[in-house]
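Presented below is the structure to which this report refers.
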Amino acid sequence: MKNIAICASGNGSNAERISRYFQSFKDVKVRLILSNNKNAYVLERAQNLGISTFVFSREDFYHSDKVLKALLENNTDLVVLAGFLWLVPQNLLRSFPDRIINIHPALLPKYGGKGMYGDKVHKAVIDAGEKYSGITIHHVNEVYDAGKIIFQKKVKVELGETPESLAQKIHKLEYRHYPEIIEKLVKGNNG
Ligand code: GAR
């Protein structure tokens, strides 16, 4: 059995898609959904899906082994960040080498870095007049959005595109590709 843990800070639509994708699998399971925000909607989604949750504070994350302990207790094989906004600390990076991945709603290395998330990314892409945006799935390291790229997919930025319409297109791509890439990684076929 391979166990996945998902970290999300907010809405959690990717977390839900990923969890549903693996519901029918016998050998892969989303075991735990973690959040740094006790009011995040992702926690409600987790409850509806019957998946255990773990909420942690900044202090827990950066100055204790509480999160590491929760991941180890759930026999986590892969840590999946899905709309998670904090930089991952060394204790986790060391314990899960190449086993922590993130999705970013743009074509890295452009439009990444601290503070670049959600609609801010889409607005920056549109303001810069980019013809394409897309998604990037990458390994996580000690620098925001800078780990080795695993997968990218482009989408056209149309004339009159708004951050909201681009977000919708990007979410569609995320829902389609993130679960499949996670499956490959967790089964050891990629990355
Ligand atoms: C997703 O589009 C994800 O790529 C992005 O946040 C959104 C979360 O949506 N992540 C980042 O911007 C990370 N820098 P969701 O909570 O509905 O899955």
Side-chain angles (χ1 to χ4, degrees), residues 4-23 30 32-49 51 53-56 58 61 78-89 92-93 100-128 130 132-157 161-183 185:
I4 295 167
I6 303 177
C7 298
S9 299
N11 181 24
S13 67
N14 274 287
E16 177 160 355
R17 293 297 172 119
I18 296 160
S19 303
R20 289 197 185 283
Y21 180 86
F22 289 107
Q23 266 173 350
V30 174
L32 188 66
I33 293 184
L34 304 96
S35 186
N36 58 316
N37 173 5
K38 68 175 179 358
N39 300 314
Y41 185 57
V42 70
L43 296 170
E44 218 170 299
R45 294 184 191 263
Q47 199 176 11
N48 292 336
L49 289 157
I51 297 172
T53 58
F54 185 83
V55 176
F56 55 90
R58 187 170 279 279
F61 201 46
L78 185 70
V79 180
V80 171
L81 311 187
F84 181 70
L85 304 180
W86 287 358
L87 199 61
V88 175
L92 300 185
L93 293 174
I100 308 179
I101 62 168
N102 181 43
I103 192 160
H104 187 76
L107 297 171
L108 292 174
K110 287 176 115 181
Y111 306 105
K114 189 170 164 57
M116 284 301 263
Y117 59 88
D119 282 356
K120 282 192 194 173
V121 177
H122 307 314
K123 190 171 179 315
V125 167
I126 292 167
D127 288 351
E130 296 284 355
Y132 289 92
S133 189
I135 60 169
T136 304
I137 297 169
H138 63 94
H139 288 290
V140 169
N141 65 14
E142 60 287 343
V143 181
Y144 277 108
D145 302 323
K148 188 175 151 226
I149 292 173
I150 300 164
F151 176 88
Q152 289 187 304
K153 190 87 186 175
K154 279 205 279 192
V155 69
K156 208 162 170 4
V157 179
E161 194 87 65
T162 63
E164 293 73 27
S165 65
L166 187 53
Q168 263 186 21
K169 285 190 199 171
I170 295 276
H171 262 129
K172 253 194 200 157
L173 280 185
E174 293 183 331
Y175 300 155
R176 163 131 187 251
H177 295 288
Y178 208 14
E180 288 176 7
I181 296 293
I182 292 166
E183 180 186 353
L185 284 172

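Whatever order the structure lists ligands and atoms in, that order sets their numbers, starting from 1. Please read these numbers as outputs of a predicted model, since none were measured by experiment.
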Could you report the tightest heavy-atom contact between [X] and [Y], atom names first, then the distance?
X	Y	result
Ala106	Val121	CB-CG1, 3.5 Å
Ala8	Ser35	O-OG, 2.8 Å
Ile6	Ala82	CG2-CB, 4.1 Å

>> Treating Asp145 as the side-chain partner and Gly113 as the backbone partner, does any N or O pair qualify as donor plus acceptor under 3.5 Å?
In response: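 Judged by distance alone, yes, a pair lies under 3.5 Å.
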> Is it the case that Asn37 and Ser9 place a side-chain donor and acceptor less than 3.5 Å from each other?
Replying inline: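 Not at all, the side chains of Asn37 and Ser9 share no donor-acceptor pair under 3.5 Å.
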>> Listing request: all salt bridge (charged side-chain N to carboxylate O under 4.0 Å, His left out) pairs with a residue in residues 106-126, at least two apart in sequence or in separate chains.
In response: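 Only Lys110-Glu130, Lys123-Asp127 qualify under salt bridge (charged side-chain N to carboxylate O under 4.0 Å, His left out).
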>> For a quick check: using heavy atoms under 4.0 Å, what are the residues in contact with ligand 1, sorted by chain and number?
In response: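 The answer is Asn11, Gly12, Ser13, Asn14, Gly83, Ile103, His104, Pro105, Met116, Tyr117, Gly118, His171, Glu174, counting any residue whose heavy atom sits under 4.0 Å from ligand 1.
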